[in-house]
Amino acid sequence: MAELGEILGPKLTDDQSNTIIDTALETVRRHLGMEIAYLSEFVDGQSVFRAVSAPGLEGMIKPGDSRPLDEVYCQHIIAGRLPQVIPDTAAEPLAMALPITLNTPIGSHVSIPIRKADGSVYGMFCCLSPRPNPSLNARDLAVMQLFADLSEKQVNRAMRDQGEARVKRDRVETIIADEAFNMVFQPIFDLATSQPTGFETLCRFTDKHHPSPDKWFTEAAELGLGVDLELLVIRAALRGLNSLPVSVYLSINASPKTVSSGALPALFAPYQADRIVLELTEHAIVASYDDLQSELFRLRAMGVLLAIDDAGAGYSGLQHIVRLQPDIIKLDMSLTSNIDSDKVKRSLAIALVSFATQTGAIIVAEGIETTAERDTVREIGISRGQGYLLGRPASLDAALGLLASFAGELKSA
Ligand code: G
Ligand code: MN
């Protein structure tokens, strides 16, 4: 695949690619002083014109038109029954025997087969004139070959991109159809009591094509399947609620688009809404704050708590926090990391704690990996923490085991 990528060069848009082919056709046609140049594709026994340069002759030939392969020169040229360069069709008995030669008429003809990456014939790069063109020679063919090669590259590039898009779509559709993922649960601790108070549900896909789960959500979103995938994952995450004690909440991730879709209240309805925290990611672009706000209002009226995820990660500043007034602010792990030794991060966290105190919000420090980080965030007044030091994302059984171990600790205390 990498090899093919190198041969075809960097990605171009379809428009850029079409412009290259159109320019190649026009250049060759003018160089040879002929009336018509086209790039065709063979489809189901037809020669379909994909690109055409024939100023003033649009009524005769235009992109999308087709001719039966039996009636045109193409197959005879590929089989070697007709030469690639025909300065005068009158000198070629086979050409003269084809009705198209006199009907069109075709006086001179030059053509080069265009091949797919696997070597099979895609179609033809062709130039023709109603008049004979006695000057046509091998050098003209060599020049035309350069432009045909360039066009061939574009054709193969477009086919590669279409193939990749199809593979991508198949991959995401399979994941959705097979629900090919597991939910894991990462504990969120109350830093004052050192007890787990809730769990963030995180999705782990069985297909490791993308090692990071985020990439699957991004890819699904690119294909217009982002909301479908997120809703499926949220449904799976919620099932965990029934197994967990009522004092424990679940923190569930959703993009603004999924919230705005209006599908969440129905998904949440069978559950105790005040045990659900909805984590809205800060880096997600908000298309309409009005739609988002009205859906969030519905959800919060049900008792759902709102958390802003990845706060301080620097994607969209403090927009969400100011506009949405969340119940919980999740401090991004980039700010927690080394907070014990980094004065600037510490100052920002202190400012957020002050903001949270005044607005009645709770802060959760994400990504705590060391005791020094944990102690620092606790010292500056952050009330909850999450991270590998405290507990890794794990199965529901492991989450229940963790809770049981803490219940035992309490009993024995
Ligand atoms: O964007 P969000 O905060 O929802 O992403 C959480 C991700 O961070 C999960 O994939 C989770 O596995 C990972 N994660 C959770 N705790 C830690 C941690 O302490 N360190 C690191 N590096 N990653 C973590
Ligand atoms: Mn999250």
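Using a 3.5 Å distance cut-off with no hydrogens or angles, the side chains of Glu295 and Ser260 do not pair a donor with an acceptor. Side chains of Gln154 and Ser17: a donor-acceptor N/O pair is present below 3.5 angstrom, by distance only. Remark: the Asp118 side chain and the Ser120 side chain contain an N/O donor-acceptor pair separated by less than 3.5 Å. No side-chain donor from either of Asn156 and Glu152 sits under 3.5 Å from a side-chain acceptor of the other. A side-chain donor from one of Asp274 and Gln272 sits under 3.5 Å from a side-chain acceptor of the other. Side-chain contact annotation: Ser255 with Thr258, donor-acceptor N/O pair under 3.5 Å present. At a cut-off of 3.5 Å, with distance as the only test, a side-chain donor of Tyr73 or Thr101 sits close to an acceptor on the other residue. Between the side chains of Ser129 and Glu35, at least one donor N or O lies within less than 3.5 Å of an accepting N or O. Looking only at atom types and distance, the side chain of Ser135 has no donor-acceptor partner in the side chain of Asn137 under 3.5 Å away. Neither side chain, Asp290 nor Ser288, offers a donor N or O lying under 3.5 Å from an acceptor on the other.
Put simply, the side chain of Leu231 reaches to within 4.5 Å of the side chain of Leu267, judged on heavy atoms. At a threshold of 4.5 Å between non-hydrogen side-chain atoms, the residues Ile308 and Leu324 count as touching. Using a 4.5 Å heavy-atom threshold, the side chains of Ser251 and Tyr249 count as touching. The side-chain heavy atoms of Ile21 and Val155, taken from C-beta on, include a pair separated by under 4.5 Å.
In this structure, OG in Ser334 is found 8.0 Å from CG in Asp310, a value given to the nearest 0.5 Å. Atom CD1 of Ile175 is separated from atom CG of Asp170 by 11.5 Å, given to the nearest 0.5 angstrom. The CD1 atom of Ile77 sits 5.5 Å away from the CD1 atom of Ile86 when rounded to the nearest 0.5 Å. From Thr206, atom OG1 reaches atom CG of Asn182 across 6.0 Å, with rounding to the nearest 0.5 Å. For the atom pair NZ (Lys168) and CG (Leu225), the distance works out to 12.0 Å, reported to the nearest 0.5 Å. One distance of note links CD1 of Ile176 with CG of Leu229; it measures 5.0 Å at 0.5 Å rounding.
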Run Val353 and Ile363 through side chain to side chain contact (heavy atoms under 4.5 Å, CB included) and show every step you take. CA-CA 7 Å; Val353 168; Ile363 298 194; 4.1 Å; yes
Go through it in stages, so that I can follow the logic: the residues are Ile382 and Leu331, the test is side chain to side chain contact (heavy atoms under 4.5 Å, CB included), and I'd like the CA-CA distance, side-chain angles, deciding distance and then a yes or no. CA-CA 10 Å; Ile382 289 178; Leu331 189 69; 3.9 Å; yes
Walk me through whether Ile114 and Lys153 qualify under side chain to side chain contact (heavy atoms under 4.5 Å, CB included). CA-CA 9 Å; Ile114 296 292; Lys153 225 176 179 182; over 6 Å; no
Please evaluate residues Lys257 and Glu230 with respect to the criterion salt bridge (charged side-chain N to carboxylate O under 4.0 Å, His left out), reporting the C-alpha separation (whole Å), side-chain torsions for both, the decisive distance (0.1 Å), and the verdict. CA-CA 10 Å; Lys257 212 172 170 186; Glu230 282 190 42; over 6 Å; no
List the steps, then state whether side chain to side chain contact (heavy atoms under 4.5 Å, CB included) holds for Phe217 with Asn253. CA-CA 11 Å; Phe217 287 104; Asn253 292 283; over 6 Å; no
Test side chain to side chain donor-acceptor pair (under 3.5 Å) on Asp397 and Ser395; report intermediate values, then the result. CA-CA 5 Å; Asp397 279 348; Ser395 67; 5.4 Å; no
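Within a 6.0 Å radius of NZ in Lys343, other residues, nucleotides and ligands contribute 12 heavy atoms or fewer. Other residues, nucleotides and ligands contribute only 12 or fewer heavy atoms inside 6.0 Å of the CZ atom of Arg67. The 12-atom threshold is not exceeded at CG of Asp44, counting heavy atoms of other residues, nucleotides or ligands nearer than 6.0 Å. A 6.0 Å sphere centred on CZ of Arg30 holds no more than 12 heavy atoms belonging to other residues, nucleotides or ligands.
Not counting sequence neighbours, Arg275 has no partner by the salt bridge (charged side-chain N to carboxylate O under 4.0 Å, His left out) test. With sequence neighbours left out, the salt bridge (charged side-chain N to carboxylate O under 4.0 Å, His left out) criterion links Glu200 to Lys330.
In terms of modelled atom types and a separation under 3.5 Å, the side chain of Ser40 and the main chain of Ser47 share no donor-acceptor contact. Side-chain atoms of Ser53 do not come within 3.5 Å of backbone N or O of Ala37 as any donor-acceptor pair. Between the side chain of Glu373 and the backbone N or O of Thr370 there is at least one donor-acceptor pair closer than 3.5 Å. A donor-acceptor pair under 3.5 Å is absent between the side-chain atoms of Thr197 and the main chain of Phe189, judged by distance alone. With hydrogens and angles ignored, the 3.5 Å screen pairs a side-chain donor or acceptor of Gln186 with a backbone N or O of Gly391. Using a distance-only test at 3.5 Å, with no hydrogens or angles considered, no donor-acceptor pair links the side chain of Gln145 to the main chain of Val143. Arg50 contributes no side-chain N or O that, together with a main-chain N or O of Glu41, makes up a donor-acceptor pair within less than 3.5 Å. With hydrogens and angles disregarded, a donor-acceptor distance shorter than 3.5 Å links the side chain of Gln84 to the backbone of Ser111. The backbone N or O of Lys345 sits less than 3.5 Å from a side-chain atom of Asp342, completing a donor-acceptor pair. No donor-acceptor distance shorter than 3.5 angstrom exists from the side chain of Lys62 to the backbone of Ala54, with no hydrogens or angles considered.
For the residue pair Val52 and Leu25, the shortest heavy atom distance occurs at N-CD1, 3.9 Å.
Using a cutoff of 4.0 Å between basic side-chain nitrogens and carboxylate oxygens, Arg157 and Asp161 are scored as salt-bridged. The existence of a salt bridge linking Glu369 and Arg374 is excluded, since no basic side-chain nitrogen approaches an acidic carboxylate oxygen closer than 4.0 Å. Of the charged side-chain nitrogens involved, at least one lies within less than 4.0 Å of a carboxylate oxygen, so that Arg300 and Asp327 count as a salt-bridged pair.
A cation-pi geometry, defined here as NZ or CZ lying under 6.0 Å from the six-membered ring centre and within 45° of its normal, does not hold between Arg204 and Phe181.
Aromatic ring pairs are classed by plane angle as parallel below 30°, tilted from 30° to 60° and perpendicular above 60°; the pair Phe205 and Trp216 is tilted.
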